[in-house]
Amino acid sequence: MTNKPLLWVLGGGAFAFVAVVAYWIFALTLANHMKSDLLPPDKAASYIHAVIEANRTNYTENVVDKLHKTGLAEAVEHWRDEKGVPLPAQFLLESGRLVAQKDLKFTFRLASMTPIYVWNGATTDFERKGLEAVAQDPSKPFGGFVRLDGGRYYQTVYPDRAVAQTCVTCHNEHPNSPRRDFKVGDVMGGIIITIPIDIP
Ligand code: HEC
């Protein structure tokens, strides 16, 4: 004599199990597929950072240094009013301002916990944490998801180091600088890159 209700329960259970496993495999495959199709925001930030850094080095070495060596012009802080070209930090900040005007919700800037000008300071807790983290451990950037003005963003702070004595001398001697003990190799601040996640 067969136990029909038991068979029904076992059959139903087996079917449910197969359905759950099949769905799980499908969901995992889809997630993997989507993952390989999309550029992760930390990767995107690393590409953008590479371009920003390359442009700054290129400008410093092939424009500012060349102009100085040939006696043609100097990089000066008040370049808008005086004869001279922008400082490399200002070149970066100015590019960031021009990009911000494009309304892409994508922004970048140079910042520090001890900035020459307060407007280059941290504006959120995340930025503060990031600048502190890269100052402690400059071997890796500090990144994460943040909410700003109701939108979701991926923000990354890359360490900005005193790669030359001129960085140190100028910042230590600047009348506005709140910090005067920078040494070559120190982390002086960070490049903050903000990428929107909810793209319309
Ligand atoms: C001749 C002076 C001078 C030199 C050289 C210089 N800076 Fe600056 N730096 C400035 C000024 C002025 C600002 C503020 C610019 C502004 O907001 O318009 C600034 C801004 C910065 C900031 C943003 C935070 C702040 O202090 O306002 C960082 C970080 C920074 N510089 C790092 C560096 C590094 C790294 C170097 C060397 C590769 C360097 N600077 C070389 C003058 C200098």
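One-based numbering, in listed order, for ligands and for the atoms of each. We use all heavy atoms of the structure for the numbers below, so side chains are in, but hydrogens, waters and symmetry mates are not. Since the structure is predicted, the reported quantities are computational estimates derived from the model, not experimental observations.
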Examine the proximity of ligand 1 to Glu74 and report which part, side chain or backbone, both or neither, has a heavy atom under 4.0 Å away.
neither
Give, for atom CZ of Phe91 and atom CG of Asn58, the distance between the pair rounded to the nearest 0.5 Å.
8.0 Å
Ligand-residue contact atoms, ligand 1 with Gln90, heavy atoms, under 4.0 Å:
15 (C), 18 (O)
Can you pull out the closest protein heavy atom to atom 17 (O) of ligand 1? Residue, atom name and distance to 0.1 Å, please.
Asn120 ND2, 2.8 Å
Under 4.0 Å from any heavy atom of Ser112, which atoms of ligand 1 are there?
24 (C)
Got a second to check how far Arg56's CZ is from Leu92's CG, nearest 0.5 Å?
5.5 Å
Examine the side chains of Thr57 and Glu61 and answer whether a donor and an acceptor come within less than 3.5 Å of each other.
no
Backbone of Phe182 reached by a side-chain donor or acceptor of Asn172 within 3.5 Å:
yes
Protein N, O or S atoms lying under 2.8 Å from atom 8 (Fe) of ligand 1, listed by chain and number
His171 NE2
Are any of the side-chain heavy atoms of Phe142 and Leu131 separated by less than 4.5 Å?
no
Side chains of Thr123 and Glu127: is there a donor and an acceptor less than 3.5 Å apart?
yes
Sidechain-backbone polar pair: Asp198 side chain, Arg152 backbone, donor-acceptor under 3.5 Å:
yes
CE of Met188 to CD1 of Ile116, rounded to nearest 0.5 Å, is 7.0 Å
